[in-house]
Protein chains: 2
Amino acid sequence: MLKPETPHRTTYRHGDLPHALLEAGLALARDGGPDAVVLREATRRAGVAPNAAYRHFADRQALLQSVCAAAQAALADAIEDELAALPPTRPAAKRARARLRAVGAGYLRFAQAEPGLFRTAFSVSDDLDSSTDPARAGRGGRTPFQLLADALDELVDAGVLLAARRPGAEFLAWSSVHGLGMLLIDGPLRALTREQRAAITSRLLEMVEQGL
Amino acid sequence: MLKPETPHRTTYRHGDLPHALLEAGLALARDGGPDAVVLREATRRAGVAPNAAYRHFADRQALLQSVCAAAQAALADAIEDELAALPPTRPAAKRARARLRAVGAGYLRFAQAEPGLFRTAFSVSDDLDSSTDPARAGRGGRTPFQLLADALDELVDAGVLLAARRPGAEFLAWSSVHGLGMLLIDGPLRALTREQRAAITSRLLEMVEQGL
DNA sequence: TGTTATTGTGGACACTGTACACAATGGAAG
DNA sequence: CTTCCATTGTGTACAGTGTCCACAATAACA
């Protein structure tokens, strides 16, 4: 019995092939990054002929784009988790600062916990519109970029950040945190111990907070 | 005449195939990024059979690694150019600050002028050792990372940066600048005008300087 | 001059993305 | 309930890729 083993279906129709392909693509991205998102392997895992994918995705790039959006949603979830775990804090200023830090910390935690998904999330060139695409939003309905923007708005409301310095601030913060993520997962900082990572993460977030 | 046109050689030996392959790989990376560095196309451009490459590179990954090193060297050159263009400045503190800015500015200028090479330069996962690999050094014999480290050392010498804050500072600075580079070349900031880019670059470098 | 290590060639295989024609099916129209 | 058709999955095919193997041409050395 060298036939396709378990994932054999009895009906001609698959039922929910788009979803199955997306899920398979996500699994491939999880260990292997964007390059590992391969059409034929995804269809194989879905128990379907290679060309079946073309009924639901224009081409490999289209599948990758969906996987990318799902990865961004997962990142948003990670950030929301970090925010939710925050203890209630009294002075609004302190609270706003803690929330900004949490966004950065959640971002970096996700990068290290799911490097494959993380790299996939930023593998397709996107423009300003796509950073607010609902497909990239997490449970709370906000994309990673929007969560960051929210945190910065709170900083302004709390009087910590000058309103004049608010425009564009998300790009400064994002740059720093994203850059560190890259260094940590496949740059020269890969070999650091957990403590060293935590230390440098903390310093970077401090730098951002101070330098905004 | 549908034969291979011009790049036909008369001798059996090529002469300097490793170099020719590297050069072809660099051209491919320049427009197309790391994924465009394709063995067969490189050999085609060198006017040689596909398998000839295996006499000089273990596999595609090995060629890509060489291309990556060359791209880092080009980045180092760009940074050195920026440093060389700096007017002589009197107070050592001011001078050191200007030089750190120049490192960041050269980095970002290169990212935008040669996005393909830039992405290729950071496409292979590297560890701490490889960031000082002489193959990645520019004309002055220093890698991009070393040029950054030098600038930070000058800041300490000039009394601008506390020696206690020096260790690890290159990672903070690099994170921010590299992250912005990614945003500018295939992130949401791609569509910005030249002025907007300059403005955000300036703000980011300011943030780094202040927050180190 | 003859031997040998180096370098390039030719053919082959397994994989990929993708196009085209075809088959099975489920749901709507009669 | 039957008929028809748009939707969805299949089969075959082609070009392109990385890589392996056996072989051929050559340069350098004995």
Side-chain angles (χ1 to χ4, degrees), chain A residues 2-29 31-68 116 120 123-124, chain B residues 2-29 31-68 116 120 123-124:
Chain A
L2 290 166
K3 294 294 187 80
E5 308 87 355
T6 23
H8 214 61
R9 96 200 92 103
T10 169
T11 56
Y12 184 76
R13 305 287 218 248
H14 176 282
D16 194 0
L17 187 51
H19 181 251
L21 289 174
L22 210 225
E23 216 58 42
L26 266 173
L28 289 171
D31 44 49
D35 291 350
V37 178
V38 162
L39 259 186
R40 287 181 105 107
E41 177 62 23
T43 56
R44 224 171 281 134
R45 294 191 181 195
V48 98
N51 285 331
Y54 288 88
R55 298 291 168 199
H56 309 280
F57 297 93
D59 53 11
R60 179 196 119 96
Q61 188 62 20
L63 172 60
L64 186 58
Q65 212 151 332
S66 290
V67 173
C68 161
T120 306
S123 62
V124 296
Chain B
L2 289 167
K3 294 293 188 80
E5 310 86 354
T6 23
H8 214 58
R9 95 201 92 104
T10 168
T11 56
Y12 184 75
R13 305 288 219 248
H14 175 282
D16 195 0
L17 187 50
H19 180 251
L21 289 174
L22 209 224
E23 216 58 42
L26 266 172
L28 289 170
D31 44 50
D35 290 351
V37 178
V38 163
L39 258 187
R40 287 181 107 107
E41 177 61 23
T43 57
R44 224 172 281 134
R45 295 190 180 195
V48 99
N51 285 330
Y54 288 87
R55 299 291 168 198
H56 308 280
F57 297 93
D59 53 10
R60 179 196 119 95
Q61 188 63 21
L63 173 61
L64 186 57
Q65 211 151 332
S66 289
V67 173
C68 160
T120 307
S123 62
V124 295

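Reminder, nothing fancy here: chain letters follow the sequence lines and each chain counts from 1. Being a predicted model, the structure only gives us computed values, none of them experimental.
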For A:Leu63 and A:Arg60: C-alpha separation, side-chain torsions, deciding distance, then whether side-chain contact (heavy atoms from CB on, under 4.5 Å) applies.
CA-CA 5 Å; A:Leu63 172 60; A:Arg60 179 196 119 96; 5.7 Å; no
Go through the steps to decide whether B:Thr120 and B:Leu64 satisfy the test side-chain contact (heavy atoms from CB on, under 4.5 Å), and finish with yes or no.
CA-CA 8 Å; B:Thr120 307; B:Leu64 186 57; 4.2 Å; yes
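Taking every heavy atom of residues 52-68 of chain B and every atom of DNA chain C, pairs under 4.0 Å involve B:Ala52, B:Arg55, B:His56, by number.
Heavy-atom distances to DNA chain C give each of B:Arg40 and A:Thr11 a nearest nucleotide, and the one nearer the 5′ end belongs to B:Arg40.
Contacts of B:Gln61 classified as side chain to side chain donor-acceptor pair (under 3.5 Å), with partners at least two apart in sequence or in another chain: none. When the side-chain contact (heavy atoms from CB on, under 4.5 Å) test is applied to B:Asp16, the partners found at least two apart in sequence or on another chain are B:Pro18, B:His19.
Across every non-hydrogen atom of B:Pro34 and B:Gly116, the tightest pair is CD-O, 4.5 Å. Taking all atoms of both residues into account, the shortest heavy-atom contact from B:Ala46 to B:Ala20 is CB-CB, 4.2 Å. A pairwise comparison of heavy atoms in A:Val37 and A:Ala29 identifies CG2-CB, 3.8 Å as the closest pair. Heavy-atom minimum distance, A:Arg9 versus A:His14: CD-CA, 3.8 Å.
Here A:Arg9 reaches the OP1 or OP2 of D:dT10: one of its side-chain N or O atoms lies under 4.0 Å away. Distances shown here put a side-chain N or O of A:Arg44 below 4.0 Å from the OP1 or OP2 atom of C:dT16.
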Distances under 3.5 Å between nitrogen or oxygen atoms of protein and nucleotides 4-6 of chain C:
| unit_1 | atom_1 | unit_2 | atom_2 | d |
| --- | --- | --- | --- | --- |
| C:dT6 | O2 | B:Arg13 | NH1 | 3.4 |
| C:dT6 | O2 | B:Arg13 | NH2 | 2.9 |

Protein and nucleotides 28-30 of chain D: nitrogen or oxygen contacts under 3.5 angstrom:
none

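Sorted by first and then second residue, the salt bridge (Lys or Arg N to Asp or Glu O under 4.0 Å) pairs involving residues 32-43 of chain A (not counting sequence neighbours) are A:Glu41-A:Arg44, A:Glu41-A:Arg45.
Atom-to-atom, CG of A:Leu28 to P of C:dG17 comes out at 10 Å; the value is rounded to the nearest Å. Atom P of nucleotide C:dT25 and atom NE2 of A:His14 are separated by 16 Å, given to the nearest angstrom. If you take CG of A:Asp35 and P of C:dT16, they are 14 Å apart, rounded to a whole angstrom.
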Return a table of donor-acceptor pairs under 3.5 angstrom between the side chains of residues 50-58 of chain A and protein atoms on other chains or two or more places apart.
none

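Taking OG1 of B:Thr43 as the reference point, atom CG of B:Leu17 lies at 8.5 Å (rounded to 0.5 Å).
Considering only the side chain of A:Asn51, C:dA19 comes nearest among C:dT18, D:dG9, C:dA19.
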